[in-house]
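Notes for the one structure printed next.
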There are 2 protein chains.
Amino acid sequence: MKEGPDIAQIGALIGDPARANMLAALTGGRALTATELAAAGGITLQTASSHLSKLEGGGLLAQRKQGRHRYFTLADEAVARLIESMMGLAASRGHLRHQPGPKDPALRKARICYDHLAGDYGVRMLDSLVASGSIDAIGDGLAVTTKGESDLQCIGIDIGSLKSSRRPLCRSCLDWSERRAHLAGSLGKALLASFMEKGWARRIPESRSVVFSPEGDRQFLKLFPLQS
Amino acid sequence: MKEGPDIAQIGALIGDPARANMLAALTGGRALTATELAAAGGITLQTASSHLSKLEGGGLLAQRKQGRHRYFTLADEAVARLIESMMGLAASRGHLRHQPGPKDPALRKARICYDHLAGDYGVRMLDSLVASGSIDAIGDGLAVTTKGESDLQCIGIDIGSLKSSRRPLCRSCLDWSERRAHLAGSLGKALLASFMEKGWARRIPESRSVVFSPEGDRQFLKLFPLQS
DNA sequence: TTCATAGTTCGATCGTAACCGAAGCATCTC
DNA sequence: GAGATGCTTCGGTTACGATCGAACTATGAA
């Protein structure tokens with residue numbers, strides 16, 4: 001019976017609501033302080049401190065001290081993907097905690113997932129890249145084509161330099177709101193970064209939401225047309 | 001803060017050691033009765049009954065009644081993949097529960113993962129299929145080539161009929177012992193089934209282990225040579 | 001029918017862990 | 001230095017849930 005790794009420890013770490021909320025907040029990709037995470041978890045600083053040390057001890061979080069602040073992030077992309085896939089499963093089983101509010105539609109439209117774009121816009125972007133032949137999709141796998149390489153170069157993404165990083169260029173990531181794949185990996189990160197750099201989109205503080213400016217919206221929709 | 005699906009519920013379900021052991025036992029792919037799962041979890045039948053109804057209520061398990069038995073399985077492949085990916089993460093963080101025993105090496109060599117082959121042999125099989133050009137690998141994605149289609153036909157796997165099922169033909173599944181991908185999906189299932197049908201391999205009761213006969217071992221190694 | 005086996009429900013116990021107040025460090029500012 | 005801010009540690013309370021014994025229901029066998 002006692003075969004293999006112990007998933008109960010990790011499950012228990014994620015299984016506490018306060019910790020789950022903190023982890024979900026960190027899925028936003030930003031490094032957060034203990035105080036911010038305490039707020040995200042809806043608990044006091046003392047309690048958060050104890051939770052955070054447990055999460056770190058369990059290998060789910062990484063921290064770096066900076067002056068008198070202590071910044072926490074998810075330990076690595078593997079953790080982010082686990083959290084995201086649990087969200088997908090939770091959504092498909094109807095485990096929801098959101099009370100539908102004004103903020104919710106915005107979140108479904110575009111949000112941060114670790115470091116790339118998710119939601120309707122994230123899914124649309126990947127669909128469009130695949131339809132235009134910039135990205136090849138085989139099952140769950142994604143690869144940039146030579147056509148995509150030059151197309152992306154035109155909008156300021158240098159595939160060559162991205163390739164040199166150890167992180168995979170493309171990854172598909174299951175979107176919990178759309179239930180379809182969006183683009184992760186270093187390319188997904190670079191694309192979102194370029195949108196923000198161009199002023200097309202910006203992040204809403206304290207939230208995973210990403211909002212597009214009217215002009216950015218127009219450009220985005222033109223760049224990634226819907227084909228059906 | 002209250003954005004998106006609630007991962008805490010699922011985490012908490014997996015987070016109890018007894019439940020985690022039951023889920024891990026079900027990763028073996030077989031449908032198990034409440035009594036068997038109680039043994040797997042190391043608890044009494046009453047306690048198991050309560051756990052099982054929670055797991056079912058949470059959407060992680062499916063059950064079917066058959067006479068006076070009640071058979072439980074993982075709800076679907078998504079759950080199996082979550083469990084397996086948590087095992088991968090747990091292994092990489094050093095959350096182990098196995099006391100190294102004589103059974104352990106066998107488990108690392110070949111075992112069941114839901115319904116396909118995992119462990120050293122599972123990884124080797126996929127590597128060999130990719131190296132021989134039977135399967136194309138792009139990132140995490142896998143696809144059978146036309147060459148692969150005819151090669152597999154020769155060993156009695158009919159890709160055409162597998163394609164008609166709704167389940168994906170190929171999937172990569174991260175192996176927790178090898179830390180590399182092995183072949184899942186309906187093709188992975190069909191391959192393992194054919195090995196067992198030919199008498200090359202058989203399952204060990206009450207375990208995830210798969211043992212190969214001397215002849216089966218020879219055939220398997222010949223069929224999927226190591227290229228390095 | 002009677003008996004055995006599979007499983008659920010109830011009730012009570014018990015342990016663990018989440019929680020916060022208060023006090024203690026550590027780091028920055030003035 | 002003094003004071004403020006960020007965070008941790010300690011101690012004690014509380015609540016939830018895992019556990020099992022016992023009683024109950026359901027299915028199958030004799």
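First the proteins, then the strands, lettered A, B, ... as listed; each starts at 1. Because the structure is a prediction, the values reported are computed rather than measured. Computation of the quantities below employed the complete heavy-atom set of this structure, encompassing side-chain atoms and omitting hydrogens, waters and symmetry-equivalent molecules.
B/Ile43 has its CD1 atom 13 Å from the C1' atom of D/dG17, to the nearest Å. Distance A/Lys65 NZ to C/dT27 C1': 8 Å, rounded to the nearest Å. Atom-to-atom, CG of B/Asp16 to P of C/dT16 comes out at 13 Å; the value is rounded to the nearest Å. Whole-Å rounding puts the B/Gln66 CD to D/dG28 P distance at 10 Å. Taking atom CZ of B/Arg19 as the reference point, atom C1' of D/dT19 lies 12 Å away to the nearest angstrom. Between the CD atom of A/Glu36 and the P atom of D/dT5 there is a distance of 16 Å, given to the nearest Å. Look at CG on A/Leu45: it is 17 Å from P on C/dA18, rounded to the nearest Å. D/dG6 atom C1' lies 15 Å from atom CG of A/Leu32, rounded to whole Å.
The nucleotide whose nearest atom lies closest to any side-chain atom of B/His51 is, among D/dT19, D/dT9, C/dA18, D/dT19. Listed nucleotides C/dC19, C/dA6, D/dA18 differ in distance to B/His69; the shortest reach to its side chain belongs to C/dA6.
Taking a 4.0 Å limit (strictly below) on heavy-atom distances, residues 53-60 of chain B does not reach DNA chain C anywhere.
The environment of CZ in B/Arg167 is crowded: more than 12 heavy-atom neighbours from other residues, nucleotides or ligands sit within 6.0 Å.
For A/Gln46 and C/dG21, a side-chain-to-base donor-acceptor distance below 3.5 Å is present, hydrogens and geometry of angles not being considered.
Within the structure, a side-chain polar atom (N or O) of B/Arg70 is placed less than 4.0 Å from OP1 or OP2 of C/dT8. Residue B/Thr44 has a polar side-chain atom (N or O) positioned under 4.0 Å from OP1 or OP2 of D/dC20. In terms of phosphate contacts, A/Arg68 brings no side-chain nitrogen or oxygen within less than 4.0 Å of OP1 or OP2 of D/dA4. The side chain of A/Thr35 contributes an N or O atom lying less than 4.0 Å from OP1 or OP2 of D/dC7.
Using a 4.0 Å heavy-atom cutoff across all strands shown, A/Thr47 reaches at least one base atom of the nucleic acid. At the heavy-atom level, A/Thr33 lies under 4.0 Å from the strands shown only through sugar-phosphate atoms.
For the residue pair A/Arg111/A/Ser177, the side-chain donor-acceptor check at 3.5 Å is satisfied. Looking only at atom types and distance, the side chain of A/Glu215 has no donor-acceptor partner in the side chain of A/Ser213 under 3.5 Å away. No hydrogens or angles considered: a donor-acceptor pair under 3.5 Å links the side chains of B/Thr44 and B/Thr47. In this model, no donor atom of one side chain and acceptor atom of the other lie less than 3.5 Å apart for A/Ser164 and A/Ser161.
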Please step through salt bridge (charged side-chain N to carboxylate O under 4.0 Å, His left out) for the pair B/Asp16 and B/Lys54, ending with a clear verdict. CA-CA 11 Å; B/Asp16 179 81; B/Lys54 279 173 196 168; over 6 Å; no
Side-chain donor-acceptor distances from residues 61-70 of chain A under 3.5 Å, at least two apart:
residue, atom, partner, partner atom, Å
A/Gln63, OE1, A/Arg70, NE, 2.8
A/Gln63, NE2, A/Glu56, OE1, 2.8
A/Gln63, NE2, A/Glu56, OE2, 3.2

